[in-house]
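First comes the structure, then the notes that go with it.
The analysis underlying the following values was restricted to heavy atoms, covering all of them including side chains, and did not include hydrogens, waters or symmetry mates. For the single chain, residues carry numbers from 1 onward in sequence order.
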Amino acid sequence: VQFGSLRTDQAAQAAWKDLQKSLAVLAPLSHRVERADLGAKGIYYRLQSGPYAEGKAREICAAVQAQRPGGCLVVKN
């Protein structure tokens with residue numbers, strides 16, 4: 001489950017803390033930040049949690065999007 005793509009690792013870590021504070025569904029979850037080199041677009045840091053079964057991932061995203069439309073994306077590893 002991906003919650004954002006940010007320009008720095010520090011921004012991704014801060015975003016996770018903010019999300020956990022504002023969205024109870026995320027409180028028990030752990031996260032990871034994956035570095036992504038997008039070539040000419042630059043380096044981004046993807047804020048993710050999981051892996052989860054697809055149904056669980058969609059459930060988490062639905063709960064997040066109910067409070068923050070567009071705030072979640074199910075990605076496959």
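Atom OG in S5 sits 10.5 Å away from atom CD in E34 (nearest 0.5 Å). A distance of 8.5 Å separates CD of Q65 from CG of L73, quoted to the nearest 0.5 Å. Rounding to the nearest 0.5 angstrom, the gap separating the SG atom in C72 from the CD atom in Q48 is 10.5 Å. If you take CG on L23 and CD on Q67, they are separated by 5.0 Å, rounding to the nearest 0.5 Å.
Ring geometry, F3 versus W16: the interplanar angle falls from 30° to 60°, so the pair is classed tilted.
For the pair R35 and Y44, the cation-pi test (distance below 6.0 Å, angle within 45°) is failed.
Grouping the Ile, Leu, Val, Met, Phe, Trp and Tyr side chains by contacts below 4.5 angstrom, directly or via other members, places V33 with L29. Linking ILVMFWY side-chain heavy atoms closer than 4.5 Å, directly or via other members, places V75 and L47 in two distinct hydrophobic clusters.
Nearest approach of K41 to R7, heavy atoms of both residues: O-NH1, 3.2 Å. In this structure, S49 and S30 approach most closely via the heavy-atom pair OG-O, 2.6 Å. Between P51 and R32, the shortest heavy-atom distance links the atoms N-NH1, 4.0 Å.
Members clustered with V74: none, using a 4.5 Å side-chain heavy-atom cutoff among hydrophobic residues.
Under the 4.5 Å side-chain criterion, counting only non-hydrogen atoms from C-beta, V1 is not in contact with V64. Residues H31 and L19 are not in side-chain contact: their nearest non-hydrogen atoms beyond the backbone lie 4.5 Å or more apart.
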